[in-house]
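As structure tokens, the structure follows; a few thoughts come after it.
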Number of protein chains: 2
Amino acid sequence: MLKAERHKYIMTKLIEDQKVVTTDLALALDLSEDTIRRDLNELDSKKLLEKVYGGAVQVKEKSANVFDIAISEEEEKKKIVSKALSLLHDDQVIIMSGGSTNLVFAKLIPSDLKATIYTYSLPIAMQLSQHPNIDLIFIGGKMQKNAMVTIGMDVIQVVSKIKADICFIGASSINIKQGLTEVGYEISIVKKAMIEASDRVVSMFSADKLNTKMPHGVCELTQLDTIVTDLDPYDAKLEEYRKSGVFIL
Amino acid sequence: MLKAERHKYIMTKLIEDQKVVTTDLALALDLSEDTIRRDLNELDSKKLLEKVYGGAVQVKEKSANVFDIAISEEEEKKKIVSKALSLLHDDQVIIMSGGSTNLVFAKLIPSDLKATIYTYSLPIAMQLSQHPNIDLIFIGGKMQKNAMVTIGMDVIQVVSKIKADICFIGASSINIKQGLTEVGYEISIVKKAMIEASDRVVSMFSADKLNTKMPHGVCELTQLDTIVTDLDPYDAKLEEYRKSGVFIL
DNA sequence: ATAAATTTTGCATTATTTTGCGTTTTTTGA
DNA sequence: TCAAAAAACGCAAAATAATGCAAAATTTAT
């Protein structure tokens, strides 16, 4: 009996019974348990089954839940965004861009806050739909799949008609000379529109974004009202930003 | 019996009865209580259950995670929607309403399907954003939070401008006389617009929705092209629906 | 076709895991 | 507070797995 045949037999048996037992297989195929174990190990390393003590079971298909979004350094980001909670007040009209920092922010928004929030980020909208007192408006359009945000003219058109009190803009990169810059052209346009539509512009990001640059400009430093980072506001790294007149939380 | 099997049995039993009792398990599985306790401890440390004096109970699901959406009778719904997969073709323009049945459908859409899909459901958009070949357009508007869908005039306006090949409409209720009916007025309006915008109208639902009624009418039975249920198309319960001319999958 | 090289297999040995039992400790409910 | 039930602990026996090795089988090269 060929090894390939055995493997096929094992896999068939596994589907039939949801499991296979080493000793049973050795008996049925008239082979030593060692050989069976080697087969099982091989199939296991190919992820075709999961070897367990005494035999093997079916691989539990990782439910690959689309919905649990991994946030890197969530604790770090919590520290950043919690500083910005003081900027929130009842009856504000708020625009939020996408990004994991903003998502963490959305999680921490107190549940008694009464406000109107516009966003074009799917995860943020999901999060905010838990808040009973927030009027949530999702800005529709073509989805950019990896970032889970809508982009394009539809988004711009809606954003440009909003009169918001404050907007929270995630940042890909920021530096003294170019200000905020973005990887994607389309996102940069949307963020420009957000800034136009808002009385106050807040950007939250971790310090490693400082003094970096991306191809597409969003706005000058002077157009930002407030930036929030994990650093102390009086940290030396923020010296030049402070000089530019932007408020640092 | 393999340990993996036992663990599976315990978890199943736990979901069935909301709890498991050590002595009962030892009896049912014909093992010492020590072994059961060890299993329970193991599953507890994996956070799959919570061990208590005398047995174990379900882990108090951290509802903290907004993103895992519970779908009741998911397996049942899979059976329904998989029948409808044959209605999908490349290059179609599709509109999908919300609802858990449609969400299950979205999960099963083959990843090589090239199509344009419009939806106003957050979870469905999240799901479809995993599909590399689908052009996804989210229809924005005010969020109805519990259903995680957008509603209102903004939605209607966008939908009414779509020229779709096919739309998939979840159903709250259906009966011979009134056709499709909905709990919410706003949703009923949106669905009307969907039907107007589509060449072909498909509704998927489980048989317990048959011959029930909600306050707000969506459409007559004759406006539906296809309905998909868990029943056999020639089941007696569907007799009258068949007579009305609607195609039954 | 034959010899060499490689792979596969089974066995002995050693290591690891699992399991049930007796005992002690903790928890529960009266 | 006390007694019964359950859990934890240590331990030893049994089952299973890993490892090294040599024989057998298969493949490859000449």
Side-chain angles (χ1 to χ4, degrees), chain A residues 1-65 68 70 74-75, chain B residues 1-65 68 70 72-75:
Chain A
M1 168 166 264
L2 269 47
K3 190 161 77 161
E5 284 182 84
R6 283 201 319 264
H7 286 189
K8 203 171 172 183
Y9 176 89
I10 293 171
M11 290 311 297
T12 308
K13 191 84 181 157
L14 183 64
I15 290 165
E16 260 176 37
D17 304 347
Q18 328 275 33
K19 62 151 185 175
V20 287
V21 177
T22 310
T23 50
D24 293 354
L25 285 173
L27 208 63
L29 299 174
D30 192 31
L31 285 162
S32 74
E33 294 187 13
D34 297 72
T35 304
I36 300 298
R37 272 190 210 101
R38 274 186 278 250
D39 285 344
L40 258 32
N41 278 325
E42 210 171 315
L43 292 167
D44 181 290
S45 66
K46 280 186 198 161
K47 315 266 183 194
L48 296 173
L49 50 72
E50 190 189 347
K51 199 169 176 307
V52 297
Y53 194 87
V57 295
Q58 290 176 303
V59 284
K60 48 177 180 291
E61 47 184 319
K62 47 165 187 174
S63 58
N65 195 354
D68 50 24
E74 184 162 3
E75 288 309 311
Chain B
M1 168 167 262
L2 303 174
K3 190 165 75 161
E5 280 184 90
R6 281 199 323 261
H7 287 189
K8 201 172 167 186
Y9 176 90
I10 292 171
M11 290 311 296
T12 309
K13 191 86 181 156
L14 184 63
I15 290 167
E16 265 176 30
D17 304 347
Q18 331 280 14
K19 61 155 187 177
V20 287
V21 177
T22 309
T23 50
D24 293 354
L25 285 174
L27 207 64
L29 299 174
D30 191 32
L31 285 161
S32 75
E33 294 186 16
D34 296 73
T35 303
I36 301 298
R37 269 193 276 277
R38 274 185 278 250
D39 285 343
L40 259 31
N41 278 326
E42 211 171 314
L43 292 168
D44 182 291
S45 66
K46 280 185 197 160
K47 315 266 182 191
L48 295 174
L49 51 71
E50 192 187 344
K51 199 169 175 307
V52 296
Y53 193 86
V57 295
Q58 288 177 301
V59 285
K60 49 179 188 291
E61 47 191 318
K62 41 167 186 177
S63 58
N65 195 355
D68 48 23
S72 62
E73 290 148 39
E74 183 162 3
E75 288 307 313

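The structure presented is a predicted model; accordingly, all values stated were derived computationally and were not measured. Heavy atoms only: backbone and side chains are in, while hydrogens, waters and symmetry mates are out. In what follows, chains are A, B, ... by sequence order, proteins preceding strands, each numbered from 1.
Distance Leu31(B) CG to dT17(C) P: 20 Å, rounded to the nearest Å. Between the P atom of dT9(C) and the CG atom of Leu29(A) lies a distance of 11 Å, rounded to the nearest Å. Taking atom OH on Tyr53(B) and atom P on dA5(D), their separation rounds to 10 Å, with Å as the unit. Atom CZ in Arg6(A) sits about 12 Å away from atom C1' in dA25(D), given to the nearest Å. Rounded to whole Å, atom C1' of dA15(D) lies 16 Å from atom CG of Leu27(A). dT8(C) atom P lies 11 Å from atom CG of Leu2(A), rounded to whole Å. Look at NZ on Lys3(A): it is 12 Å from P on dT27(D), rounded to the nearest Å. In this structure, the CD atom of Glu5(A) is 17 Å from the P atom of dA25(D), given to the nearest Å.
Across Leu29(A), Leu25(A), Leu43(A), a single residue satisfies side-chain contact (heavy atoms from CB on, under 4.5 Å) together with Arg6(A), and that is Leu29(A).
Considering only side-chain N and O atoms, Thr23(A) lies nowhere under 4.0 angstrom from the phosphate OP1 or OP2 of dA15(D). Contact check, Lys51(A) against dA17(D): a side-chain N or O comes under 4.0 Å of OP1 or OP2. Put simply, Arg37(A) has no side-chain N or O that comes within less than 4.0 Å of OP1 or OP2 on dA15(D). Contact check, Thr35(A) against dG10(C): a side-chain N or O comes under 4.0 Å of OP1 or OP2.
Sequence order on DNA chain C of the closest nucleotides to Asp34(B) and Glu42(B) puts Glu42(B) first from the 5' end. Residues Arg38(B) and Glu33(B) both approach DNA chain D. Their nearest nucleotides, taken by heavy-atom distance, put Glu33(B) toward the 5′ side.
Heavy-atom minimum distance, Ala26(B) versus Glu33(B): CB-CG, 3.7 Å. Closest of all the heavy-atom pairs between Leu48(B) and Val59(B) is C-CG1, 3.9 Å. Of all the heavy atoms in Lys60(A) and Glu50(A), the pair that sits closest is NZ-OE1, 3.5 Å. Here the closest heavy-atom approach between residue Leu49(A) and residue Ala56(A) is recorded as CD1-CB, 3.9 Å.
Using a 4.0 Å heavy-atom cutoff across all strands shown, Asn41(B) reaches sugar-phosphate atoms only and no base atom. Val21(B) comes within contact range of no nucleotide atom at all, as no heavy-atom separation falls under 4.0 Å.
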